[in-house]
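Accompanying notes for the structure given below.
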Amino acid sequence: MEEGAYGLRKIIHVDMDAFFASVEQRDRPELRGKPIAVGGGSARGVVAAASYEARAYGVRSAMPGAIAARKCPDLIFVKHRFDAYKAVSEQIRSIFFEYTDLVEPLSLDEAYLDLTHNKKGMKSATLIAEEIRQRIFKETRLTASAGVSVNKFLAKVASDINKPNGLTLIAPHDIPDFIDALPIERFFGIGKVTAEKLKRRNIHTGKDLKKLSKSALSELFGKSGPHFYNICRGIDHREVKPNRQPKSISCEETYSNNIRSQEECHEAIESLARRLKDRLEKNRFKKRHKLEGKTITLKIKFADFTQQTRSKTFPLPIGDDELASLGIALLQQEQIEQDIRLLGLGVSKLNINESDDPEETQLTFEF
Ligand code: DCP
Ligand code: CA
Ligand code: CA
C-alpha cells in the first residue's frame, strides 16, 4: 500500500462468516445448505445467528424466533454450543498472532490486526489477509471475510463488503470516492435511530456527512462528534490495542514513616484492601467481566529492605469484602520481627476467562 495523507499503517479486520451458524453446519453435515438459526428456538428466544440460507428469507440475528419462523417456515432451530465457538475463536486468534502481536479481538469471531510491522516481514497486507483467510479455512473448515486499509474504520467497513468469504482492499487513492459513496448505515457506530435522524436532514452518504460542521456533528453524536468528523474524511488514528489480560491485580504503598504497631499494620492493610477493591471494580466495568481472584498475596518489605511474600489460594474466588481480613490473616501467619516500610496486597489466579467476551455479555436473550 502506498504512503499518503492517511498515514503508513496497514490494518486488517477479519470477521468469520455467519459464525455460530457455520460452526453448526460444519459439525452437523445434515444442516449444510439448509436455513438454520442458532438460538431463538424457545418461547421467548431470539436468533443469535442465521445461516446464509436463512438470511435469504430475511432471518437476522436478534430477531425473535417466532418472527423468524414466520419468515422462513422451514427454518431449523439449533441450540448454541458456546464451547465449540470459543475453540474456533482460539484457533483463529493463534493464527493472527503468527503475523503480529497487535491483535485486538472485538468479539469471538473478529479482530483488528496491525500488520505495519508484521512478524513475517511481508509488505502486502492484502497478501497476508488472503493467507490468513486460507489458513483459517484449512484449520477450521470455516470461511472468514477480511478488509484491508490504512485504519480501523476503513478496514472494518471493508470486511463487510465482499461477505461471505471475501476480501476487500480500500487503497489510499480510493478512500475519498469510497467514503463519499458510502451509505451512512455502513458507518460503524451509526445505528438505525441516528441513520433515520440523518436521513430526515437529507444526509444519506459519507459525502453528505462531510458537509456537517464540527458542532453539528457533536450535537448529533455527542462526544463521538469529532470521531465522525474525522472518519468521513478517511481519518482514524485509533490504535490497534491488544487487550492483554492482567495476570494479577495489586496495590502497594511505601510508608513515609515505617510501620511499627499491629494496629497500624491492620489499618494499612484495610486501606490497601479498599484500593484493591476499587481497582477490581474499575477493571470489571472496563472489561465487563466478573474479575475475582482465587489467590491473595501480601507483600512485606522490612526496614532492612528484605522482602517477603505470603499467599494463600482458595478453591473459590475471593469476594471483595474478604480482602482485608484475609490480608490481615496473612500478616498474622508469622511473627513480624522488624519495622515495615512497604506493604502490598494483590489477587491473582483471576477468573478472567470465564466471561471476558463482549459476545457473551451481549447475549442477553435466551437460546
Ligand atoms: N451474535 C449474537 N447476538 C447478536 C449478534 C451476533 O449472539 N445480536 C453472535 C452470533 C454470531 C456471532 O455472534 O454468529 C458473530 O456475529 P456477527 O455479527 O459477526 O454475525 P455473523 O458472524 O453471524 O454473520 P456475518 O457473516 O454477517 O458476520
Ligand atoms: Ca461474523
Ligand atoms: Ca463479528
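What you see is a predicted model, and the numbers here were worked out from it, not measured in a lab. When reading the values below, keep in mind they use all heavy atoms of this one structure, side chains included, and skip hydrogens, waters and symmetry mates. Numbering of ligands and ligand atoms starts at 1, following listing order.
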Using atom types as modelled and distance alone, determine if a side-chain donor or acceptor of [X] lies under 3.5 Å from a backbone N or O of [Y].
X: Arg275; Y: Glu252; value: yes
X: Thr313; Y: Lys294; value: no
X: Ser124; Y: Thr126; value: yes
X: Gln91; Y: Glu139; value: yes
X: Asp174; Y: Phe178; value: no

How does Asp15 reach ligand 1, by side chain, by backbone, by both or by neither, if only non-hydrogen atoms under 4.0 Å count? side chain
Side chain or backbone of Lys163 under 4.0 Å from ligand 1, or both, or neither, by non-hydrogen atoms?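 Answer for Lys163: side chain.
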Is there a heavy atom of [X] sitting under 4.0 angstrom from any atom of ligand 1?
X: Pro164; answer: no
X: Tyr85; answer: no
X: Met63; answer: no

On the 0 to 90° scale, with breaks at 30° and 60°, tag the His80-Tyr85 ring pair as parallel, tilted or perpendicular. tilted
Classify the ring geometry between Phe82 and Phe20 as parallel (under 30°), tilted (30 to 60°) or perpendicular (over 60°). perpendicular
Any nitrogen or oxygen of [X], side chain or backbone, less than 3.5 Å from one on ligand 1?
X: Ala21; result: no
X: Glu110; result: no
X: Phe19; result: yes

Checking heavy-atom distances from atom 14 (O) of ligand 1 to each of Phe82, Phe20, Tyr52, the winner is Phe20
Specify the closest pair of heavy atoms between Phe96 and Ile136, including all atoms of both residues, with the distance to one decimal.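 That would be CE2-CD1, 4.1 Å.
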Please report the closest heavy-atom contact between Ala21 and Ala49, naming both atoms and the distance.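 It is N-CB, 3.9 Å.
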Subset of ligand 1 atoms that lie under 4.0 Å from at least one heavy atom of [X]:
X: Asp17; result: 26 (O)
X: Arg55; result: 21 (P), 23 (O), 24 (O), 25 (P), 26 (O), 27 (O)
X: Asp109; result: 15 (C), 19 (O), 22 (O)
X: Met16; result: 22 (O), 26 (O), 28 (O)

In [X], the N, O or S atom nearest to the Ca ion (ligand 3) is which?
X: Asp15; answer: OD1
X: Asp109; answer: OD1
X: Glu110; answer: OE2

Within less than 3.0 Å of the Ca ion (ligand 2), any N, O or S from Ser145? no
Is the shortest heavy-atom distance from the side chain of Leu280 to the side chain of Val347 under 4.5 Å?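 With C-beta onward as the side chain, the pair touches.
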Within 45 degrees of the ring normal and closer than 6.0 Å to the centroid, is that where the cationic atom of Lys214 sits relative to Tyr229? yes
